[in-house]
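Only one structure is covered here, and it is reproduced in the block below.
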Amino acid sequence: MDWFKLVLHQHFEPKTTTSGPCNAMLLGARKISRHWCIRRPNLSLSHTPTTKLNSHISASLHSLCQVEELDDFLPWLERKAGAEISSVLSIGKSAYGRSLFASKAIRAGDCILKVPFNAQLAPDNLNPELKALLSDDVGDVAKLAIVVLLEQKMGHGLRFLFMQDSEWAPYISRLPRLEEMHNTIFWSEGELEMIRQSSVYQETINQRSQIQQEFLAIRTALKNFPETFESITYEDFMHAYALVTSRAWGSTKGYSLIPFADFSNHDGTSESIVLSDEDKLFSEVLADRNYTPGEQVLIRYGKFSNATLLLDFGFTLPYNIHDQIQIQGSIPHHDNLREMKLELLKRHHRPVSKDDNGFSSSMDSFTIKEIRSGSGKGKGIPQSLRAFARVLCCTSPQELSDLVEEAAQHDGRLARRPLTNISREIKAHQMLISTLTQLAEDYDASVKSLGLVSSPTTRERLSHRRQMARDLLSGELRILESASAWLKNYCATLMATDCHRDGVCSTKQPRSRTERGEM
């Protein structure tokens, strides 16, 4: 544990795609500059989803969800848009709140909803007078949160600034109330203690701090409208901010709340996503499969781990195939070759890795995903992590020089091939095993400390959040255990190979043969 430590789950940068007329931007909800950004990708029509997420809504629940048509909302939105939004969907209630259901039979490939840009809420809806007073420190997410706050106030009957009632009241009134949101920024200190082992704990603290900085930045401008904003509190702003980061999509036109589309729930088996056409000025969703009338229609928010889902959306999946965990490597100060190793790692720096959503991770961190086969090549354990361990275990300048020479003879990447010294290769991977095993033990203790979730004395909200904490920690524990199991199998195979070569065996034969892991 002197060499590796857990780090914040992800720090993402936006990725812009510019192919064709339909441009879009993928946005991560980790810290970008000084602003927290939107989780949901809004992709170009030229993009086709190819992989799936695990669903938090089981197929068996689809037929149990009773449709309760909200007659006034869709007609209101279509009048506002000046166009038909959907002829095959209706709004109803499911076990997960407001949802979209098939009102008619739907076939795969059908356009099930289409929302013009003029029927979407964006920072452009902000009053120009107020917008001009906002400093550069106020990001578009905060600006859109202010729009939501203004519409909430006007929707409650307060006429100010625009001297009229909210034209968005039918939509704003249907957004989740504060008490209905379970993003970790709304958890109490006691509830957060349940996930202290996870990086989500520190990220929650960081996100709260960031939102508070945004609030302080807008307060200067809001003071110019005391009769308007005097009653708005930090809690109000945090609620509006979370509504934006959990519900809005980002595109080249900015960040948008898309009424009706954001009533859809997340399903990991779905390949339906929100598509944006920048030329025709609308967003749409295409069905990825057939639906029968009354069946809930779901879309994919993104390939997000439980850490992301809990922090940014306020829910988790019992089993999430996109769970992952990050550790950060460092060279101990007592290492006599520390400076030489640091210089080599800097010179042969690894490429910035990308996650399933196209977001970059930091140069000195390593993202571990679940390894699904103990006898495969260890896909899920980044080669850069194993290379770092090989550099770390070198004990002489000559060994480091040999790695440099080997890199020059191949693709230039340092320590990507197994060490020729099998004992040294085993030592490097045993170092990783030790780190991951200790982390797994800590996670296991945290999961066990949660106790039984279904205790009759537990309040409903706490019970719900405790289950989400269990899902989060159990998923990250599963990643650690799968990585540790593969590494142990890899070392056992190397030991068996070494003993057969030397004719002396001091360890048991491995149960299954593992690939050497060359790239």
Side-chain angles (χ1 to χ4, degrees), residues 1-10 184 190-205 305-308 310-311 316-332 334 364-375 378-382 385-386 388-390 392-393 426-453 465-495 507-508 510-512 514:
M1 294 298 289
D2 292 337
W3 311 292
F4 297 97
K5 62 181 180 180
L6 281 173
V7 293
L8 292 185
H9 176 66
Q10 287 281 8
T184 52
E191 290 168 337
L192 277 179
E193 281 297 318
M194 295 188 294
I195 59 170
R196 178 180 281 274
Q197 183 62 38
S198 173
S199 60
V200 178
Y201 175 87
Q202 185 59 48
E203 282 198 83
T204 300
I205 295 173
S305 66
N306 273 344
T308 294
L310 182 54
L311 181 70
T316 55
L317 310 179
Y319 179 86
N320 190 335
I321 62 172
H322 295 286
D323 273 335
Q324 58 188 35
I325 194 167
Q326 275 193 299
I327 62 174
Q328 189 174 48
S330 62
I331 308 295
H334 58 74
D364 58 348
S365 62
F366 308 93
T367 301
I368 302 174
K369 301 179 182 181
E370 185 173 9
I371 295 86
R372 306 193 183 282
S373 173
S375 58
K379 184 178 180 181
I381 301 176
L385 173 60
R386 299 171 65 190
F388 182 87
R390 291 176 182 126
L392 196 59
C393 77
I426 292 172
K427 180 180 178 181
H429 287 76
Q430 285 179 335
M431 184 189 307
L432 295 177
I433 293 171
S434 175
T435 297
L436 299 183
T437 299
Q438 181 60 58
L439 285 173
E441 290 176 357
D442 294 341
Y443 265 86
D444 186 56
S446 294
V447 172
K448 289 178 179 176
S449 71
L450 294 175
L452 296 176
V453 174
R465 292 181 177 179
R466 182 173 290 171
Q467 181 59 55
M468 289 192 289
R470 180 181 293 276
D471 290 341
L472 170 69
L473 297 177
S474 296
E476 294 182 348
L477 172 60
R478 188 182 73 251
I479 304 307
L480 291 168
E481 290 178 336
S482 71
S484 181
W486 186 89
L487 289 167
K488 289 177 181 177
N489 199 26
Y490 177 74
C491 288
T493 300
L494 291 180
M495 290 177 183
T507 60
K508 295 181 180 180
R511 288 179 292 177
S512 61
T514 305

- Is a side-chain donor-acceptor pair under 3.5 Å present for S199 with Q326? no
- Which of these, L480, I381, I325, sits in a side chain to side chain contact (heavy atoms under 4.5 Å, CB included) with L436? L480
- Message: Between S434 and Q430 (side chain of the first, backbone of the second, donor and acceptor by atom type, cut-off under 3.5 Å), is there such a pair?
- Response: no
- Task: Carefully, step by step, assess N320 and N306 under the rule side-chain hydrogen bond (donor to acceptor under 3.5 Å, both in side chains).
- Result: CA-CA 7 Å; N320 190 335; N306 273 344; 3.2 Å; yes
- Mind checking side chain to side chain contact (heavy atoms under 4.5 Å, CB included) for T437 and listing every partner two or more places apart, or none if nothing turns up? I433, E441, S484, K488
- Task: Decide yes or no on side chain to side chain contact (heavy atoms under 4.5 Å, CB included) for Y201 and E193, but give the supporting numbers first.
- Result: CA-CA 8 Å; Y201 175 87; E193 281 297 318; 3.7 Å; yes
- Query: Closest approach of M468 and L310, non-hydrogen atoms and distance?
  - Reply: SD-CD1, 3.8 Å
- Task: Could you grab the distance from atom CG of L439 to atom OG1 of T435, nearest 0.5 Å is fine?
- Result: 7.0 Å
- Query: Excluding sequence neighbours, so at least two apart, what forms side-chain hydrogen bond (donor to acceptor under 3.5 Å, both in side chains) with E370?
  - Reply: Y319, R372, R478
- Message: Give me the atom names and distance for the closest heavy-atom approach of A389 to M431.
- Response: O-CE, 4.3 Å
- First locate atom CG of L392, then atom CD1 of I331, and finally report the distance between them rounded to the nearest 0.5 Å. 4.5 Å
- Message: Going by the rule side chain to side chain contact (heavy atoms under 4.5 Å, CB included), which residues pair with S446 if we only count those two or more places apart in sequence or in a different chain?
- Response: Q197, L473
- Message: Distance check, rounded to the nearest 0.5 Å: L192 atom CG versus I205 atom CD1?
- Response: 7.0 Å
- Query: For the atom pair CG (D323) and OG1 (T308), what is the distance rounded to the nearest 0.5 Å?
  - Reply: 9.5 Å
- Query: How close do S305 and H322 get, heavy atom to heavy atom, and via which atoms?
  - Reply: CB-O, 3.3 Å
- Task: Nearest 0.5 Å please: distance from the CD1 atom of I195 over to the CG atom of D471.
- Result: 12.0 Å
- Kindly give the heavy-atom pair with the smallest separation between L487 and H429, and that separation in Å. CD2-CD2, 3.5 Å
- In short, K369 meets S482 closest at the heavy-atom pair O-OG, 4.3 Å
- Task: Look up atom CG in L472 and atom OH in Y443, then write down how far apart they are to the nearest 0.5 Å.
- Result: 7.0 Å
- Message: Minimum heavy-atom separation for P382 and F366, please, with both atom names.
- Response: CG-CB, 4.1 Å
